[in-house]
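If you read the sequence from its start, that first residue is 1, and numbering goes on from there. Counting convention: from 1, in listed order, for ligands and their atoms alike.
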Amino acid sequence: MLKEIYKKIEKFDTIVIARHIGVDPDALASQMALRESIKKTFPQKKVYAVGTGSNKFNYFPKLDKVSEYQNALLIVVDTPDKKRIDVTDFDQFAYRIKIDHHPYIETFADIEYIDDKASSASEIIYCLIDNTPLVLDYDVAKIIFLGIVSDTNRFLVNSSYKTFEIVSKLVAEFNLDLPELYSNIFMRPLNEIRLQGYISENMKVSENGLGSIKISNDIINKFGVDVGSSGNLINNFNYIEEVIAWVIASEDVKNNVIKINIRSRGPIINHVAEKHNGGGHAYASGAKVSSIEEADSLIEELDEVCKLYLENKGDKNEN
Ligand code: AMP
């Protein structure tokens, strides 16, 4: 199917690459790596990466602003469902391709390449480039590396032998400057680290191993951070002995919602997120809820999932 995708890329003169709303480094990296690679392979083509950006990720190349896509190919990366695609006029495109590593939700494209075992969308873009005449150079390699490292949280999650093989090839072949690349992704303002301290101090841990905390707007202001900070910190609570799944609910007054970040190292959590205007991966999900009461229900449902997980694990250990 990767060859089929390449043929479509070869065919269209205008290509638009989109990804999900609520931009994150892997979504941007897969989008940018593909754009740069196509441009270098076919300099005469018009290739655009679209969607709302964030200053946080200004170490990536810039996004494009385009509004007219005559007879264009749309490639959507890192997005399982239509409603979360950050693109206007989806129906205007002549042909659509999905490239994703989330669990399947729905079909919205003419070709869908889904590998939910892949560490990241960036890993799939590497495979696309590696299996076709698309160009891989230093700039593209750097972007793919950033996407993979970020989505695997430095290879703590979702990393297979293939992930390590790819990363090792990129580092060896392009002599990547790792400290510089790591500082792009992992540098944090002190305020955010102080908020991390607050979360550690105040996270409630249930008897079923669910860690949970609600961050009010007052706390966000007190620490001088923004509502996205919880999302930046959520991965840092992995490997706490007493915690098998954890959730941070942050009040987002600007959008009048409560933003939910959930992670797990055992219980499957995305079904709970899906019930609350959210979704994601089995062990890394997010949602948006409309009230504290709904946040509390979601936390209770997650606790139940943890409880069942521990019970099943107990049964298996007994057998
Ligand atoms: P986050 O906690 O924001 O890093 O998100 C973890 C995963 O859940 C990512 O794969 C997101 O794409 C997905 N996700 C986050 N928020 C939502 C949402 N509101 N709806 C669907 N998926 C989401």
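By the criterion of a heavy-atom distance under 4.0 Å, the backbone of N277, and not its side chain, is placed next to ligand 1.
If you check which protein heavy atom lies closest to atom 11 (C) of ligand 1, you get R84 NH1, 4.1 Å. Given atom 3 (O) of ligand 1, the protein heavy atom at minimum distance is N261 ND2, 3.4 Å. The nearest protein atom to atom 4 (O) of ligand 1, hydrogens excluded, is given as R263 NH2, 2.9 Å; this is a heavy-atom distance. Of all protein heavy atoms, the one lying nearest to atom 15 (C) of ligand 1 is G286 CA, 3.4 Å.
Across A29 and G147, no two heavy atoms sit closer than the pair CB-CA, 3.5 Å. When every heavy atom of Y59 is checked against every heavy atom of N184, the shortest pair comes out as CE2-O, 3.2 Å.
Salt-bridge formation is detected for the pair K40/D139: a Lys NZ or Arg NE/NH1/NH2 atom is positioned less than 4.0 Å from an Asp or Glu carboxylate oxygen. K46 has no carboxylate O lying under 4.0 Å from a charged side-chain N of D13, or vice versa, which leaves the two without a salt bridge. The pair R35-D64 meets the salt-bridge criterion, with a side-chain N (NZ, NE, NH1 or NH2) lying under 4.0 Å from an Asp/Glu carboxylate O.
Contact between E274 and ligand 1 is absent, with no heavy atom of the residue lying under 4.0 Å from the ligand. For the pair G231 and ligand 1, no heavy-atom separation below 4.0 Å is found. Residue contact check for ligand 1: A284 places a non-hydrogen atom closer than 4.0 Å to it.
The line from CD1 of I9 to CG of L34 is 5.5 Å long, rounded to the nearest 0.5 Å.
No N or O atom of I262 sits closer than 3.5 Å to an N or O atom of ligand 1. Looking at K259 next to ligand 1, no N or O pair under 3.5 Å apart turns up.
Classified by interplanar angle (parallel below 30°, tilted 30° to 60°, perpendicular above 60°), the ring pair H102/H20 is perpendicular.
For the pair K142 and F174, the cation does not sit on the ring face, since its NZ or CZ is not both under 6.0 Å from the ring centre and inside 45° of the axis. In this structure, R96 is positioned above the aromatic face of F90, its NZ or CZ under 6.0 Å from the six-membered ring centre and within 45° of the axis.
Below 4.0 Å from some heavy atom of G280 lie the following atoms of ligand 1, by number and element: 8 (O), 13 (C), 22 (N). Each of the atoms 10 (O) of ligand 1 lies under 4.0 Å from some heavy atom of H281. Atoms of ligand 1 found under 4.0 Å from any heavy atom of H102 (numbered from 1 in listed order, with element): 10 (O), 12 (O).
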